[in-house]
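Here the structure comes first, spelled out in structure tokens, and everything after it is commentary.
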Amino acid sequence: MKNDVYIVAGPTASGKTAVGIELAKQMNGEIISADSMQIYRGMDIGTAKPSMHERQGVVHHLIDIAEPDEPYSVAMFQKAATACIEDILSRGKTPVVVGGTGLYLNALTYELDFTETSHDPVLREELMQKDAAELHQMLFEQDEAAAGRIHPNDKKRIVRRLEILKNEGDRSEYQFRKPNEAYRFIMAGLTTDRAVLYERINERVDRMAGQGLVGEVTALAQKYTAAPTSMQAIGYKELLRYLQGDITLERAIYEIKRNSRHYAKRQWVWFRRDERITWYDTAEYNNDASLIAQAIMRQGNHF
RNA sequence: AGGGGUAUGAUGUAAUGGUAACAUUACGGUCUCCAAAACCGUCCUUGAGGGUUCGAGUCCUUCUACCCCUG
């Protein structure tokens with residue numbers, strides 16, 4: 001019999017953190033964060049990282065495991081999260097994966113093939129200099145199928161594909177979305193009325209500002225000169241521009257709110273098409289994390 | 001109150017009298033190692049009325065609103 005692995009997904013500010021903690025408390029579980037930004041140490045306020053107090057003694061994995069200037073990727077997450085699941089199960093506890101990074105969750109629930117591809121920063125840099133049309137032409141010559149699938153303007157994916165082709169040849173034979181059969185995934189999605197969520201996002205950004213987000217970003221900017229991935233995070237990239245004097249603080253806050261709304265929208269789109277997810281409208285549960293956790297446990301039992 | 005100026009989508013702007021355009025927002029979507037990233041698509045406009053003209057965002061006129069100057 002396969003072991004259960006609970007997954008709590010949903011857009012930002014939908015209440016995943018609290019529900020995950022309740023779920024873990026009620027079923028003797030531990031939490032694995034599937035969040036591409038809570039990975040980084042020191043990025044606390046802006047990523048809405050749960051404080052030690054909020055964690056209520058529940059063990060959290062994959063939070064604060066990298067420095068902001070260290071590279072991190074899905075491939076590393078896939079490996080680390082799988083190890084965490086095994087570790088938690090071996091101690092007789094239940095893994096509860098909580099997170100809003102869709103690709104990370106897919107890396108766990110599907111058998112995405114991230115076999116050792118040597119990163120080739122030199123090649124990448126070189127290719128990024130070229131214009132999109134030229135790159136797409138190069139891709140077309142080497143892999144017609146991929147060229148058809150990837151939009152000519154999508155430089156990032158074209159370059160990535162060329163990198164794979166150069167370093168390990170064609171591996172187009174792999175299945176597209178092959179489910180990971182190793183565990184029984186119980187997938188729950190949290191959602192609520194769009195206008196309500198957007199309002200909550202706006203309020204949360206104001207709260208983060210009040211809690212000292214500007215100070216947090218200032219400290220990080222002083223400590224790390226180059227942090228390519230982590231400083232793309234919403235709340236950080238905008239405030240960096242403010243600190244450099246490019247935009248006003250008011251404008252930065254406005255952009256953080258807007259970018260957070262866009263992000264939430266993309267998360268919806270991503271998760272909505274995943275028919276394995278059972279959705280819970282948090283308003284129907286009075287936004288009570290404990291009640292929602294109980295409903296998700298019933299979902300697990302009825303599977 | 002007198003004089004001058006401006007009026008184009010939600011916002012900022014463009015259009016020798018000749019198909020009203022661009023960016024942002026909003027909305028919809030894509031996704032196999034930077035994913036809070038990257039990329040694609042859709043909607044919405046000439047302040048109101050009258051006139052000149054084959055044809056008006058553009059020229060004339062009245063009104064309205066806003067801005068500046070004077071007292």
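Throughout, a chain's letter reflects where its sequence line sits, starting with A, and its residues are numbered from 1.
Contact annotation: A:Arg266 reaches the phosphate of B:rA37 (side-chain N/O to OP1 or OP2, under 4.0 Å). Between A:Lys156 and B:rC33 there is no side-chain polar atom (N or O) within less than 4.0 angstrom of OP1 or OP2. A sub-4.0 Å separation between OP1 or OP2 of B:rG29 and a side-chain N or O of A:Arg272 is present. Residue A:Asn153 places at least one side-chain N or O closer than 4.0 Å to OP1 or OP2 of B:rC40.
The two residues A:Ile277 and A:Phe271 come nearest to each other via the heavy atoms CD1-O, 3.7 Å. Residues A:Ser33 and A:Leu62 come closest through the heavy atom pair O-CB, 3.7 Å. Shown here for A:Glu67 and A:Tyr40, the closest heavy-atom pair between the two residues is O-CD2, 3.3 Å. When all heavy atoms are compared, the tightest approach of A:Tyr236 to A:Val217 is CD2-CG2, 3.6 Å. Scanning all heavy atoms of the two residues, the minimum distance from A:Leu89 to A:Pro95 falls at CD2-CD, 3.7 Å.
The distance from atom OH of A:Tyr104 to atom P of B:rC33 is 12 Å, rounded to the nearest whole Å. Atoms NZ (A:Lys237) and C1' (B:rA35) sit 11 Å apart, rounded to a whole Å. Counting to the nearest Å, the P atom of B:rC33 and the CZ atom of A:Arg157 are 8 Å from each other. Following rounding to the nearest Å, A:Ile234 (CD1) and B:rA38 (P) show an atom-to-atom distance of 10 Å. Between A:Trp270 atom CH2 and B:rG28 atom C1' there is a gap of 17 Å when expressed in whole angstrom units.
Heavy atoms of other residues, nucleotides or ligands lying less than 6.0 angstrom from CD of A:Glu141 number more than 12. Environment of OH in A:Tyr72: crowded, with over 12 heavy atoms of neighbouring residues, nucleotides or ligands closer than 6.0 Å.
At a threshold of 4.0 angstrom between heavy atoms, the contacts of A:Thr47 include nucleobase atoms, whether or not backbone atoms are also involved. In this structure, A:Gly235 reaches neither bases nor backbone, as no heavy-atom distance under 4.0 Å exists between it and the strands shown. A:Tyr110 comes within contact range of no nucleotide atom at all, as no heavy-atom separation falls under 4.0 Å.
Across the strands present, B:rU11 finds its partner in B:rA23; the criterion is a Watson-Crick or G-U wobble pair with both atom distances under 3.5 angstrom. In this structure, B:rG2 forms a base pair with B:rC69, meeting either the Watson-Crick or the G-U wobble geometry with both donor-acceptor distances under 3.5 Å. Across all strands shown, nothing is found opposite B:rA37 as a Watson-Crick or G-U wobble partner with both distances under 3.5 Å. Pair check for B:rC63 finds B:rG47; Watson-Crick or G-U wobble, both atom distances under 3.5 Å.
Comparing B:rG29, B:rC39, B:rA35 against the side chain of A:Val269 picks out B:rG29 as the nearest.
For the P atoms, the distance from B:rC63 to B:rU24 is 41 Å, rounded to whole Å. Remark: the separation of the P atoms in B:rC59 and B:rG18 is 12 Å, to the nearest Å. Straight-line distance between the P atoms of B:rC22 and B:rA38: roughly 23 Å, to the nearest whole Å. Straight-line distance between the C1' atoms of B:rC39 and B:rC44: roughly 24 Å, to the nearest whole Å. Rounded to a whole angstrom, the distance from the C1' atom of B:rU52 to that of B:rA10 is 35 Å. As rounded to the nearest Å, B:rC43 and B:rG29 have C1' atoms that lie 15 Å from one another.
Between A:Asn106 and A:Ala233, it is A:Asn106 whose nearest contact on RNA chain B lies nearer the 5' terminus. Across the interface with RNA chain B, nearest-nucleotide mapping of A:Tyr72 and A:Lys155 shows A:Tyr72 to be the residue nearer the 5′ end.
Residues A:Arg177 and A:Asn106 bring no donor and acceptor atom of their side chains to less than 3.5 Å of each other.
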Considering only nitrogen or oxygen atoms on both sides, find all protein atoms under 3.5 Å from nucleotides 22-27 of chain B and state each distance.
| residue | atom | partner | partner atom | Å |
| --- | --- | --- | --- | --- |
| B:rA26 | OP2 | A:His262 | NE2 | 2.2 |

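Remark: A:Arg41 fails to qualify as a cation-pi partner of A:Tyr224 under the 6.0 Å distance and 45° angle criteria applied to the six-membered ring.
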